[in-house]
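Report on the structure given below.
Counting starts at 1 for both ligands and their atoms, following the listed order. As a basis for the values below, the full set of heavy atoms in this structure was taken, side chains included, without hydrogen atoms, waters or symmetry mates.
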Amino acid sequence: MTDSPLSRRQLLGTAAFAGAAALLPRDLAGQAAAPAPAPAANGFVIVTSANGLEAAKVARQALIQGKDPLDAAIAGVNVAELDPDDVTVGYGGIPNEEGVVELDAAVMDGRTMRAGAVAALTGVKTPSRVARLVMDRTDRVFLVGAGARRFATAHGFPDEDLLTEKTRKIWLHWKNRLSDLDDWIEAARDAEDPDVKRFLEKYGKGLFRPQGTIHLSVRSAKGDLVGVTTTSGLFFKIPGRVGDSPVVGAGLYSENGVGSAGSTGRGEANLVTCGSHTVVEYLRNGLAPEEACLRALKRIAEKTHLVPRHRDDKGRPTFNVNFYCVDAAGRAAGAALWSGGKYVVGDTDGVRTLESAWLYRKDA
Ligand code: ASP
């Protein structure tokens, strides 16, 4: 990439964006989030997705106790992975179309530029810990499917059932109402089940096909940068489908001296644009964290909204992607394609939820 540091106003006036501008909606100027968190002078900074409030608290305590930043980050996301009520991550995650929970996770250590990842891993509630072992105990980066499972077993992880009673009912409801052309019949009572009802209320009305993930990046007091991303992926996915989350450069990227970034949202859009790496490259080129996230989102909007089924009648993406990042100076940001997103920041002062910057207003 040859980008130089540019403000948002300058960015929209560049030749690079002139061609794309014709394709982009008028409101693509983006919206800054206010106020951006102040950089921590000598302290640590945590940035995580909206579902990471408890994770940030745990990571914060670990950092206060002087723990290693990657251990702190993993301990943080383990809270979401082990929480059966977070249906987007780990234990109790929404299964694939066959009712099997397949998990993806990756860790990256910006001190060593080493990473570890697992994908389509079954039976382990905390795939982030297995990803860490891939980094620490092998000379490889990425293990998938049956190989990842055998690796986890070799390291003492039991093969557990990750489908909860709640997610089994939700999956069966989805399966029963998929089509009139198969053998499955929706029971009249299904949608009245409180678990199914709550799920449909939370995830059934949005603009987008439901999915979810947790990303958590840490910039330690020493300035070290690490990240972890973990997910159960797209709800009811095709077995074996892997999104962006465990892919280094897409779902996360951390490099000492530059920054750490991660993503949630439509993995396919982020995979083909290597989003987290793009965010960190923009940091390297001098952009502030929020600007770096917005510019990577603009790249996604330019490149992936061209497919008609991914566009609304105004040409805007019919999906969402969120980025979270912290730079080497400890400045944190969160931004999304669509307004209404949130992210969480933790530092020596505490933990707080903030509004993400955005490119498109949801109700416009
Ligand atoms: N990015 C995840 C995936 O595509 C899902 C999400 O974050 O919502 O698997």
Check your understanding: Atoms of ligand 1 less than 4.0 Å from Thr264 heavy atoms?
Key -> 7 (O)
Practice item. Please collect all salt bridge (Lys or Arg N to Asp or Glu O under 4.0 Å) contacts where either partner lies in residues 46-60, sequence neighbours excluded, each pair once. Key: Glu54-Lys57
Practice item. Show your working on ring pair (Phe, Tyr, Trp, His ring centres under 6.0 Å) between Phe323 and Tyr343 and close with a plain yes or no. Key: CA-CA 9 Å; Phe323 287 120; Tyr343 69 110; over 10 Å; no
Review point. How far does CG of Asp327 sit from CD of Glu290, to the nearest 0.5 angstrom?
Key: 12.5 Å
**Study point:** Close-contact set for ligand 1 against Ser245 heavy atoms, below 4.0 Å
**Key:** 1 (N), 2 (C)
Practice item. Could you tell me whether ligand 1 has any atom less than 4.0 Å away from a heavy atom of Lys237? Key: no
Check your understanding: Can you find an N or O of Asp244 that's nearer than 3.5 Å to an N or O of ligand 1?
Key -> yes
Study note, to complete from the structure: Quick look: His215 vs ligand 1, heavy-atom contacts under 4.0 Å, and the answer is neither
Practice item. Answer yes or no: is there an ion pair linking Arg114 with Asp109, defined by an N-O contact shorter than 4.0 Å? Key: no
**Study point:** Close-contact set for ligand 1 against Thr213 heavy atoms, below 4.0 Å
**Key:** 1 (N), 2 (C), 5 (C), 6 (C), 7 (O), 8 (O)
Review point. Any salt bridge (Lys or Arg N to Asp or Glu O under 4.0 Å) pairs touching residues 137-156, not counting sequence neighbours?
Key: Arg149-Asp159
**Study point:** Contacting atoms of ligand 1, where contact means under 4.0 angstrom from a heavy atom of Gly233
**Key:** 9 (O)
Check your understanding: Could an N or O of ligand 1 be found under 3.5 Å from any N or O of Gly265, whether backbone or side chain?
Key -> yes
Practice item. May I have the step-by-step check of side-chain hydrogen bond (donor to acceptor under 3.5 Å, both in side chains) for Thr264 and Tyr324, ending in yes or no? Key: CA-CA 9 Å; Thr264 60; Tyr324 316 91; 2.6 Å; yes
Point to revise | ligand 1 to Arg241 polar contact by distance, N or O atoms, under 3.5 Å | key: yes
Exercise for review: Before signing off on this row, confirm whether Gly243 and ligand 1 have an N or O atom pair separated by under 3.5 Å.
Suggested key: no
Practice item. Taking all heavy atoms of Ser254 and all of Ser260, pick out the closest pair and write down the distance. Key: OG-OG, 2.8 Å
